[in-house]
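Report on the following structure.
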Amino acid sequence: MDERYRPEKIEKKWQALWDVNEPYRAIEDPSREKFYLLEMFPYPSGRIHMGHVRNYSIGDVVARFKRMQGFNVLHPMGWDGFGLPAENAAMDHGTHPAPWTFENIDSMRVQLKRMGLSYDWKRELATCKPDYYRWEQLIFLKLFEKGLAYKKSSPVNWCPSCQTVLANEQVQNDCCWRCSSLVEQKELEQWFFKTTQYAEELLSEIDNLKGWPESVLTMQRNWIGRSKGCEVDFALEGCDESIRIFTTRPDTLFGVSFMSLAPEHPLVNLLTTDDQRSKVDSFVARIQSQDADSRTGDELEKEGVFTGSYCIHPITEERIPVFLANFVLMDYGTGAVMAVPGHDQRDFEFAKKYDLPLKVVIQPEGQSLCPTSMVEAWTGAGTLVNSGSFDGLTNEEAKDSISLDLVARGKGESKINYRLRDWGVSRQRYWGTPIPIIYCDGCGPVSVPEKDLPVILPEDVTFSREGGSPLARVESFVNVACPSCGKPARRETDTFDTFVESSWYFARYTCPDYEDGPLDPAAVSYWLPVDQYIGGVEHAVMHLLYARFFTKALRDLGMLNVDEPFTNLLTQGMVCKETSSCPEHGWLYPEEVVNGRCSRCDHEARTGRTEKMSKSKKNVVDPNLIISTYGADTARLFSLFAAPPEKDLEWNDQAVEGSSRFLSRVWRVVFDNLELILSASAPTSAKGAAKDLRRVTHRTIKKVTEDIDGRFHFNTAIASIMELVNAIYALDNKAGNAPVLREALESVIRLLAPFTPHFSEELWSLLGHEGGMEVAGWPSWDPAALQEDEKLIIVQINGKLRARLTVALDAAQSDVEALAMTDENVFRNLEGKTIRKIIYVPGKLLNLVVG
RNA sequence: GCCCGGAUGGUGGAAUUGGUAGACACAAGGGACUUAAAAUCCCUCGGCCUUUGGCUGUGCGGGUUCGAUUCCCGCUCCGGGCACCA
């Protein structure tokens with residue numbers, strides 16, 4: 001045994017053994033209880049970052065812990081291979097996305113292996129390989145057959161100069177990020193998945209996701225946004241048409257003073273009178289040229305235009321002017337809103353701006369609203385007024401009564417609406433899964449026959465800054481015979497949103513080599529659902545909702561037999577660091593800042609906000625540097641010790657040292673006592689200091705077990721192991737207490753195994769054990785050893801700490817009270833006062849209330 | 001703007017069910033060992049005061065309670081997500 005802890009030597013040795021022996025291979029075995037542990041897979045950027053180190057260290061602790069507890073653990077890893085950065089690299093450096101991505105995958109795999117993560121590498125998959133995306137294409141065709149995938153027109157951000165579609169992140173202040181031209185909106189025919197078909201189930205199943213953080217469930221509920229309301233028809237004056245609106249507030253029906261329609265509403269043309277036409281046309285044109293971001297963005301100024309037409313109130317038969325308004329969206333409800341300025345803030349602002357009438361129809365209790373003096377809409381509860389026969393009802397009662405009345409008159413119906421929209425999956429990009437559709441002039445959109453799958457992404461493409469879709473320029477790809485009639489036809493040149501790949505990869509991991517379909521029924525039914533999913537909180541809504549949707553859709557296609565993909569979810573916080581920038585060179589990497597100055601031009605570096613570590617802001621710390629300096633075990637230990645997983649972690653270089661020092665400390669105490677330990681027997685009975693150490697050992701086993709299992713508080717688990725090590729150092733007569741010392745040290749090694757696997761394996765084998773940590777198993781605690789000899793009682797007077805008493809285990813309240821009275825400090829604080837009340841928490845606290 | 005979080009010493013954090021605020025570390029200061037350095041070990045470490053004790057203190061202002069970092073109401077600032085959702 002080396003006198004000093006040498007991580008580089010130990011880690012290399014064990015990683016080589018794991019490569020050969022494959023101890024983390026997962027094989028289906030119905031006789032054993034399975035545990036499927038999954039971390040969100042990475043985009044292969046080429047280098048791991050601290051967020052990965054944190055995410056995968058957390059996952060590996062749980063995987064190794066569960067394995068030591070005897071579970072059959074599936075712990076896979078793969079690559080979210082498609083995405084925009086590969087195409088940007090192609091344009092910036094002339095490298096092709098495919099080799100760029102695969103080289104990145106190779107170098108990231110090396111980095112992950114250096115961290116000693118216990119993956120079953122035989123199940124590795126990359127979504128950008130045809131053997132993965134061919135099955136995604138098949139799933140798409142099945143969804144298309146079932147009507148769960150369909151096409152419709154939808155706007156995109158368009159850069160007229162680059163001749164290309166821009167992602168939201170590529171639009172900066174309404175301008176293209178590359179050429180700064182003004183971004184336009186362009187309507188394109190795009191593919192959608194019918195997520196709304198599952199809206200009700202996606203919502204109701206949330207109640208069964210007991211293992212998810214409540215905050216994520218709330219965000220999902222709000223995203224789906226079920227609202228109960230009523231659709232109402234307002235007849236148009238002078239023609240047979242009517243406008244159908246959706247409202248969640250039928251109780252305010254008598255307060256309607258105008259109508260607001262989306263500028264895209266199909267009735268706009270019919271409604272516009274000749275004298276208003278020029279105003280309406282210019283308004284519609286202006287609104288439609290706005291990009292989606294600014295139309296839905298911050299503090300949109302409420303604007304509108306009068307169409308010149310009127311409609312008729314369904315009950316009072318009043319004339320109501322019809323406006324177009326920029327804040328009304330065609331996608332939600334019916335694209336038309338009844339405007340009630342007295343009780344809706346947007347309508348209030350609109351009415352003030354255009355000097356439209358305001359009527360109060362709900363009076364809150366204890367207040368009297370006055371239409372002329374109101375400064376904002378009253379959106380709360382109250383009693384109906386000015387509402388004909390409904391006056392006097394509470395507004396909640398009125399919602400039902402007025403709905404029923406409208407239904408009876410044939411002028412409305414109750415309706416559930418969802419905020420959730422269908423998922424647009426078309427992307428005008430090269431580096432993605434080709435959508436397996438062929439367009440034929442005669443037959444329309446035709447599915448690529450299953451036998452012709454996969455539609456392989458051609459590799460002989462050229463990238464240029466001139467833009468346009470590279471795929472559309474590949475004649476050999478685009479031109480194809482129609483599978484239906486055989487005439488010349490054209491392939492779809494859009495590819496899928498990369499969220500599609502990540503919506504089902506967790507299922508493919510159970511059978512990555514299966515060739516008879518997307519999913520092997522036997523493997524899927526053994527492993528799914530994922531027992532524990534771990535990833536960044538930034539995916540709380542979209543990725544997780546899409547994966548839930550896919551699970552339900554695949555179930556209904558008969559490919560899966562679970563309703564939900566992830567039983568338990570842990571959302572880790574982000575790794576943050578302050579940003580630095582130079583007026584000349586922009587964002588600076590930490591190593592480019594020397595003594596507070598830019599290393600290139602000597603300008604003073606500006607320290608910016610603390611933000612999530614990201615390549616674009618350059619506020620990143622390279623984990624490779626930490627691994628090569630201190631070793632993977634230290635890097636892992638530190639990232640887990642620094643903060644509990646769900647919290648954001650602000651990076652601090654200095655603290656890493658302490659984790660490294662701790663491991664050296666453990667190593668040294670084993671080295672110093674090696675002979676003693678090797679010759680020691682199991683502890684039988686212990687007394688005095690030995691008994692105390694034994695109590696600490698078993699208390700630590702209990703604490704670490706409970707902290708890891710379900711609570712995921714690895715920082716406190718590690719802290720308590722540190723306390724045990726401190727107690728071992730403090731044990732005086734080590735030679736005379738060898739059995740207890742041995743038990744304590746072997747517990748430390750086993751408890752550390754999930755955190756620092758190389759370190760623990762090495763020490764465990766040096767202590768003469770064979771078969772490694774999985775054979776050793778997770779230690780259990782002896783309740784008898786936890787037993788204290790005495791207990792500590794806190795004495796308070798009026799809630800303030802006045803004394804600490806150590807009493808016998810069986811001391812009664814009266815004993816504690818009597819002892820407290822003899823305490824000098826208690827006595828002094830009671831002088832001249834009367835005890836009014838005594839509060840006693842058995843075994844913990846005595847509070848004397850005096851006055 | 002909407003939704004979801006967060007704020008505790010110089011720093012990261014702990015306090016699991018309303019019951020000792022600051023566990024465990026980092027940094028800093030002091031000491032031991034050493035020719036010296038590294039490594040290691042020991043001590044101090046929220047603030048204030050009249051220091052075997054007292055007051056005060058968990059972003060700010062209120063409240064409930066014998067007792068609040070913890071529960072309730074109202075703010076401020078910071079982080080994340082977003083599709084103005086009628």
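Chain letters run A, B, ... following the sequence lines, proteins first and then strands; every chain starts at 1.
A/Thr252 and A/Val361 get closest at one heavy-atom pair: CA-CG2, 4.0 Å.
For the pair A/Asp732 CG and B/C42 P, the computed distance is 12 Å after rounding to whole Å. For the pair A/Glu831 CD and B/G53 C1', the interatomic distance rounds to 14 Å; values are reported in whole Å. To the nearest angstrom, C1' of B/A86 lies 16 Å from CG of A/Asn395. At whole-Å resolution of the value, NZ in A/Lys791 and P in B/U20 are 17 Å apart. As rounded to whole Å, 13 Å separates atom P of B/A83 from atom CZ of A/Phe192. Taking atom CG on A/Leu420 and atom P on B/C82, their separation rounds to 15 Å, with Å as the unit.
OP1 or OP2 of B/C66 sits under 4.0 Å from a side-chain N or O of A/Lys837. One finds no side-chain N or O of A/Arg665 lying less than 4.0 angstrom from the OP1 or OP2 phosphate oxygen of B/A25. Residue A/Asn222 places no side-chain N or O under 4.0 Å from the OP1 or OP2 atom of B/C85. Of the side-chain N and O atoms in A/Arg419, none sit less than 4.0 angstrom from OP1 or OP2 of B/C2.
Comparing the P positions of B/G10 and B/C60 gives an interatomic distance of 13 Å, to the nearest angstrom. Here, B/C66 and B/G59 have their C1' atoms 27 Å apart, quoted to the whole Å. Comparing the C1' positions of B/U64 and B/G74 gives a spacing of 15 Å, expressed to the nearest Å. Distance noted for atom P between B/C43 and B/A25: 12 Å (whole Å). For the P atoms, the distance from B/C26 to B/U44 is 16 Å, rounded to whole Å.
Remark: A/Phe827 engages no residue in a ring-ring contact (aromatic ring centres under 6.0 Å, His included) (not counting sequence neighbours).
Looking at heavy-atom distances under 4.0 Å, A/Val337 makes contact with a base.
Two residues, A/Lys647 and A/Leu845, neighbour RNA chain B, and the one matched to the more 5' nucleotide by heavy-atom proximity is A/Lys647.
In this structure, A/Phe323 and A/Tyr354 have tilted ring planes: the angle between them lies in the 30° to 60° band.
Checked against B/A21, B/C66, B/U16, the side chain of A/Leu801 finds its nearest nucleotide in B/A21. Looking at the side chain of A/His713, the nearest of the listed nucleotides B/G19, B/A15, B/G12 is B/A15.
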